[in-house]
K.L.:
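This structure is in C-alpha cells; I'll ask about it shortly.
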Amino acid sequence: MCSIMGYCGSNVLYESFCKGFEKTLSRGPDSSRIIDTGNGLLGFHRLSIMGMTDSGMQPFSLEENYVVCNGEIYGFETIKTELMAKGYSFASESDCEVLLPMYKEFGTEMFGMLDAEFALILYDGKTKEYIAARDPIGIRPLYYGYDDEGTIIFASEAKNLVGLCDKVAPFPPGHYYKDGKFICYCDITKVESYCMDSLDIVCYKIREKLTSGIKKRLIADAKVGFLLSGGLDSSLVCAIAAKESREPIKTFAIGMSEDAIDLKYAKQVADFIGSDHTEVIITKEDVLENLETVIELLGTYDITTIRASMGMYLVCKYIHEHTDIRVFLSGEISDELFGYKYTDFAPSAEAFQLEAQKRIRELHMYDVLRADRCISVNSLEARVPFGDLDFVRYVMSIDPREKINTYGKGKYLLRHAFEADQILPTSILWREKAAFSDAVGHSMVDDLKEYAENYYSDEEYKEKCSKYDYAVPFTKESLLYREIFEKYYPGQAQMIIGFWMPNKEWEGCDVDDPSARVLSNYGESGL
C-alpha cells in the first residue's frame, strides 16, 4: 500500500515526525525514507508493487520539486511516452514517477486527468508551498491536522497524526489542497444528465467497463490474489480475472468454524472458475482476541465496519503469514452503486440516486476504510475494480428508474449484464445478498454482541453512554467499540460522520442494528 507523510513547515521536530510516521511502517515495510525539503519533511514507507528496484523509491524529485504518493496510476505507460516526447526522462518503472513531470506541464489540472487510486503530497520548490490531493472516491487514505503553530500535516492514517495534532480529519476525496484551501476537482457522484441507454446497452456497457477495470488492475510486478466471499460482487471479479489470466488465480475465503455461510458458495465459485482456492477457518476466540487490534488499526467505532473487518483482517493476516502475494482485488463499492438490501425500500428512483450519492461520498469512512486498513496492516495492497472511475461515472449516470429493484432481485442490472456469459453458476449469479459480517458466520456477530452484553451492567452502560455528545453509543456493542476507539484516538470521533445505518427515514428501515438480518426482506440472504 505504502505510507506517506508530510510536515508542511520549517518548525518540525524530526523526532516527533519519525515517531508518528513509524506507526504505519506495516503499510510499506520494504524501505523507508524521510527528506528535508528545506521547508518541512516528506516521508515514504514503500511496499514494492510496480518498478520494484531501488530506482522506484520515493520521494521522487524533479529540479526543486518533490512528491510522495501512495497510489496506482493506470495507463502510466502512455503518459510516460507522451512526457518523454516533451523531453522528460525517467529513472524507474514506477507508475508514480510521472507525477512531477505532469505537475510541471499541467499544474493542479493534472489531478482531474489521472485514472488512478492515489493520495499524494507534493512540494513545489519554486513557490515554497505544499500541495496534496486524493482520488475521487478516497480509495487511498489521507488525513490532515494542524500543529500548535498552525502548520498543516498530512499522513496516510489518522494514527500518524494523533499526538501531533489536536484534531485529525479525513482529507476530502476528489479534492486537492493548495494555498490553505481544499478545492474540489472531481465530484464523482455528480450527474449532469442521465443517460437513457436501453437495457441491453446499459448491460453491455456495465460488462465492458467492469471487465476493463479488472484487467487494468491485474497488472503488477508483484503477485496478485483475490478475496472471494461467494457473493455476487467478489465472485464476478474472480470469474472475470480467471477468464483473463493464463494460470489459475489464487482465491481466499474465510468463515467461522460453526456456521460459515460464505465458504460453501466461495468453493462453488472456485471449482467453477478453476481457481487455486484456500479456506481460512476462524473461531470465536480468534474474533474476540483480535477485536481491540482491529479497532486500533481501523481508527473507527462504527459497528458494521468493525464487524465486517474481523473476517477481512484475519484472512489477510493469514495470507501475509503464509503466502508471497502482495496485491489483492476485492468486491467493494458495488453495493453503493447498485444497491443494498435496504435500498429495496427506497420510496422513489430519486431517493435511490440520492442515497447512492451519499454512500459514495462517505465510502472512505466505511467500506473503503475497512478494505484499506485490513489489507495494508498486513503489508498488502488493495485494488477495487468496482471503484474504477469510468465504471463509477457510467453507473451513476444510469437512469435510477433502471437501478431500483423493480425486478424482484436486487442488483438486477449487474446480474443481467453477465447472464449470457455464463462465467458463474446461475445459483451464484442470482444468489441473494448476505452482508459479509453475517456471511462469515451469524455466530460471529452474535458472539460480539454477547461479549459486549456481558461486559457492561445496565447501570454502567447508561452511565458511560452519557459521557458522549457525538455519535452517542446506542447499544452495549457500540459502547464497547467507542471506548476502545477512544483509547487509541482520544477526542477524534468526528473523523467519522457517524454510524453506518440504513436510511431511517424510509419505511421498513428504522432499525436498531446495521445488519441486513434485521430487515424484513432479508429472506434467504443468509442461507
Side-chain angles (χ1 to χ4, degrees), residues 1-10 12 17 21 24 27-28 32-46 50-51 56-74 76 79-80 83 86 88-92 94-136 138-146 151-157 160-161 170-186:
M1 270 296 195
C2 302
S3 179
I4 62 176
M5 188 167 174
Y7 208 121
C8 306
S10 58
V12 58
F17 183 93
F21 194 38
T24 49
R27 296 186 68 92
S32 298
R33 183 183 295 165
I34 297 172
I35 65 160
D36 188 339
T37 66
N39 188 32
L41 300 175
L42 287 176
F44 186 71
H45 293 314
R46 186 186 188 196
M50 299 294 291
M57 182 58 183
Q58 301 182 38
F60 288 120
S61 62
L62 179 63
E63 299 172 2
E64 68 272 58
N65 299 341
Y66 298 93
V67 71
V68 287
C69 178
N70 170 26
E72 205 64 49
I73 314 298
Y74 301 110
F76 78 95
I79 298 172
K80 181 185 286 190
L83 289 168
K86 294 178 180 289
Y88 293 96
S89 61
F90 297 88
S92 77
S94 170
D95 52 319
C96 293
E97 196 181 358
V98 302
L99 293 171
L100 285 178
M102 286 188 73
Y103 177 70
K104 292 283 285 187
E105 290 293 316
F106 307 109
T108 55
E109 290 184 10
M110 67 180 279
F111 303 126
M113 301 165 62
L114 293 174
D115 178 13
E117 302 156 359
F118 74 95
L120 66 79
I121 311 164
L122 186 152
Y123 179 68
D124 187 322
K126 185 176 181 179
T127 62
K128 309 296 183 187
E129 69 174 342
Y130 285 86
I131 297 168
R134 191 179 186 189
D135 68 72
I139 292 175
R140 295 303 170 94
L142 193 62
Y143 289 79
Y144 73 95
Y146 300 88
T151 300
I152 196 166
I153 314 172
F154 299 107
S156 287
E157 294 191 30
N160 299 124
L161 302 177
F171 193 105
H175 286 66
Y176 67 87
Y177 170 90
K178 189 177 187 297
D179 299 327
K181 299 177 182 177
F182 292 90
I183 301 164
C184 180
Y185 70 87
C186 175

K.L.:
With sequence neighbours excluded, tell me which residues meet side-chain contact (heavy atoms from CB on, under 4.5 Å) with S32.
P.N.:
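Counting only residues at least two positions away or on another chain, S32 forms a side-chain contact (heavy atoms from CB on, under 4.5 Å) with L25, H45.
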K.L.:
Report all side-chain donor-acceptor pairs from residues 120-129 shorter than 3.5 Å, counting only partners two or more places apart or in another chain.
P.N.:
| residue | atom | partner | partner atom | Å |
| --- | --- | --- | --- | --- |
| D124 | OD1 | K126 | N | 2.9 |
| D124 | OD1 | T127 | N | 3.1 |
| D124 | OD2 | Y103 | OH | 2.6 |
| T127 | OG1 | E129 | OE2 | 3.4 |
| K128 | NZ | G125 | O | 3.2 |
| E129 | OE2 | K178 | NZ | 3.2 |

K.L.:
What is the distance from atom CG of L42 to atom CZ of F21, rounded to the nearest 0.5 Å?
P.N.:
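Here the interatomic distance stands at 9.5 Å.
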K.L.:
Testing the basics here: between P101 and F90, what is the closest heavy-atom pair and its distance to 0.1 Å?
P.N.:
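That would be CG-CE2, 3.9 Å.
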K.L.:
Taking side-chain contact (heavy atoms from CB on, under 4.5 Å) as the definition, give me every residue that meets it alongside D36, ordered by chain and number, with sequence neighbours left out.
P.N.:
L41
K.L.:
Working to the nearest 0.5 angstrom, can you tell me the gap between Q58 CD and I35 CD1?
P.N.:
10.5 Å
K.L.:
Can you run down the salt bridge (charged side-chain N to carboxylate O under 4.0 Å, His left out) pairs that involve residues 56-72, sequence neighbours left out, and say none if there aren't any?
P.N.:
E63-K104, E72-R383
K.L.:
With sequence neighbours excluded, what pairs up with Y130 under the side chain to side chain donor-acceptor pair (under 3.5 Å) test?
P.N.:
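Y130: side chain to side chain donor-acceptor pair (under 3.5 Å) contacts with T37.
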K.L.:
Can you confirm whether more than 12 heavy atoms, excluding those of E105, are under 6.0 Å from its CD atom?
P.N.:
yes
K.L.:
Without swapping roles, check the side chain of R140 against the backbone of R134 for a donor-acceptor pair under 3.5 Å.
P.N.:
no
K.L.:
At what distance, to the nearest 0.5 angstrom, does NZ of K80 lie from CG of D95?
P.N.:
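Between K80 NZ and D95 CG, I get 9.0 Å after rounding to 0.5 Å.
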K.L.:
Which residues pass the side chain to side chain donor-acceptor pair (under 3.5 Å) test with S3, sequence neighbours left out?
P.N.:
T24
K.L.:
So how far is it from M113 CE to I79 CD1, rounded to the nearest 0.5 Å?
P.N.:
7.5 Å
K.L.:
As an exercise, state the distance from CG of N160 to CZ of F154, rounded to the nearest 0.5 Å.
P.N.:
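Here the interatomic distance stands at 13.5 Å.
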K.L.:
List the residues meeting side-chain contact (heavy atoms from CB on, under 4.5 Å) with Y146, not counting sequence neighbours, and say none if there are none.
P.N.:
Y144, I152, F182
K.L.:
Please lay out, stage by stage, how M110 and L99 fare under the test side chain to side chain contact (heavy atoms under 4.5 Å, CB included).
P.N.:
CA-CA 8 Å; M110 67 180 279; L99 293 171; 3.6 Å; yes
K.L.:
Sequence neighbours excluded, which residues qualify as side chain to side chain donor-acceptor pair (under 3.5 Å) partners of E97?
P.N.:
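Testing E97 for side chain to side chain donor-acceptor pair (under 3.5 Å), a comparison that skips the adjacent residues, returns S92.
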K.L.:
For P136, enumerate each residue passing the side-chain contact (heavy atoms from CB on, under 4.5 Å) test, keeping only those at least two apart in sequence or located in another chain.
P.N.:
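Here the qualifying residues are Y185, C186, I188, L389.
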K.L.:
Rounded to the nearest 0.5 Å, what separation is found between the CZ atom of R46 and the SG atom of C2?
P.N.:
7.5 Å
K.L.:
Applying side chain to side chain donor-acceptor pair (under 3.5 Å), can you list everything that pairs with E117, at least two apart in sequence or on another chain?
P.N.:
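Scan of E117 (side chain to side chain donor-acceptor pair (under 3.5 Å), adjacent residues dropped) gives Y74, R217.
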K.L.:
Go through the structure and list residues passing ring-ring contact (aromatic ring centres under 6.0 Å, His included) with Y176, not counting sequence neighbours.
P.N.:
F111
